[in-house]
Amino acid sequence: MVNLITVVGAGNVGATAAQRLAEKELAKTVVLVDVLEGVPQGKGLDQWQSAPIESYDARVIGTNSYDETAGSDIVVITAGIARKPGMSRDDLLNTNAGIVKSVSEQIARSSPHAIIIVVSNPLDVMCYVAKHVTGFPRERVLGMAGVLDTARYRAFLAEALDISVRDIQAMVLGGHGDTMVPLISYTTVSGIPITQLLEKSKLDAIVDRARNGGAEIVKYLKTGSAYYAPSAAAVQMVEAIVLDQRRILPCSAWLEGEYGMSGLYLGVPCKLGEGGLKQIVEVELTADERAALEKSADAVREPMRVLAL
Ligand SMILES: NC(=O)c1ccc[n+]([C@@H]2O[C@H](COP(=O)([O-])OP(=O)(O)OC[C@H]3O[C@@H](n4cnc5c(N)ncnc54)[C@H](O)[C@@H]3O)[C@@H](O)[C@H]2O)c1
């Protein structure tokens, strides 16, 4: 358990993440910050009042200021607007860049040693904004997308095979968007290559559904985007860091030559533990997977170019 974890943005993802963090007792105090007056306070109080029932001692506090967040060990950024039907993640670019910039400035001032997990979209570009504005090293600025995209892929595979989700090992790399790269060559069921268990046409359909997993939910909800699985994914990254688990999870990380690329955030296998990013793991890719990763990188570089910081 660490002393203090801050979640910025007390909306759907942020509030659910705060609840999960408290229930897992990953910090003594979880602070929920939002610009909306009363919302973080009300949600924080409500969550704290569920502690005697759920039996956790992590204290949840809601606030509109960064005073209570000072000295945070970890900050999860979920502030920003979410997609509505028909919108792509890139449609959120300018609004969320402004929000993530101002949030990052305040975090750098109040919690200069924090590890930041970015959730706001467009994810890979927002990670870049947070790293650029805070000046934090890449070990301490990571983005959540791959864990979620992989969870969607694993859930659909488990459903198709009628087996436990626990037995599916998989990895989705690349940017958090339509160009994401599910690695079929590394997808196994308890070590058995997935290609031995599912025919290609079914596998292709699942890959396609995972790629559009976020849009499918936006279409149902109409007024916002997914938040149960996204908050669970962000909390899994926090847990790996807090408990120094050294888990290999697909995360958006700043590349400095890995996979032959530099100067952008992209989803790659990362070892997470104390201090944040411990290592980027480079795996062999097929020619098709490498080409797909390059294409995905281009889709991240494009909005980075038009960003005015
Ligand atoms: N990376 C992923 O895989 C993933 C998954 C789901 C959602 N998201 C993204 O996460 C973000 C949040 O989604 P949501 O569903 O919680 O949205 P939401 O609208 O429910 O909540 C966003 C919250 O941010 C707050 N906010 C706005 N400006 C702020 C500021 N300057 N400081 C603090 N708080 C501020 C809003 O008041 C609101 O309460 C969106 O950008 C969404 O696209 C990313």
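Atoms within each ligand, like the ligands themselves, are counted from 1 in listed order.
Between E302 and R305 there is a side-chain heavy-atom pair separated by less than 4.5 Å.
For ligand 1, the atoms sitting less than 4.0 Å from at least one non-hydrogen atom of L123 are 1 (N), numbered in the order shown with element in parentheses. Atoms of ligand 1 lying under 4.0 Å from any heavy atom of A226, numbered from 1 in the order shown and given with element: 6 (C). Less than 4.0 angstrom separates some heavy atom of L92 from each of these atoms of ligand 1: 43 (O). Using a 4.0 Å cut-off to heavy atoms of V8, the atoms of ligand 1 that qualify are 33 (C).
Under 4.0 angstrom from ligand 1, the non-hydrogen atoms of L36 all belong to its side chain. When heavy-atom distances to ligand 1 are checked against a 4.0 Å cut-off, V39 has no atom that comes that close, whether in backbone or side chain.
Every heavy atom of G224 sits 4.0 Å or more from the atoms of ligand 1.
Close N/O approach between I99 and ligand 1 is not found [any backbone or side-chain N/O within under 3.5 Å]. Here's the thing with A79: none of its N/O atoms is less than 3.5 angstrom from an N/O atom of ligand 1.
Within 6.0 Å of CD in E256 there are more than 12 heavy atoms belonging to other residues, nucleotides or ligands. Atom NZ of K24 sits in a sparse spot, with 12 or fewer heavy atoms from other residues, nucleotides or ligands closer than 6.0 Å. The environment of E139 atom CD is dense: over 12 non-hydrogen atoms of other residues, nucleotides or ligands sit within 6.0 angstrom.
Salt-bridge formation is not detected for the pair D46/K43: no Lys NZ or Arg NE/NH1/NH2 atom is positioned less than 4.0 Å from an Asp or Glu carboxylate oxygen. Salt bridge present: K101 and E105 bring a charged side-chain N and a carboxylate O closer than 4.0 Å.
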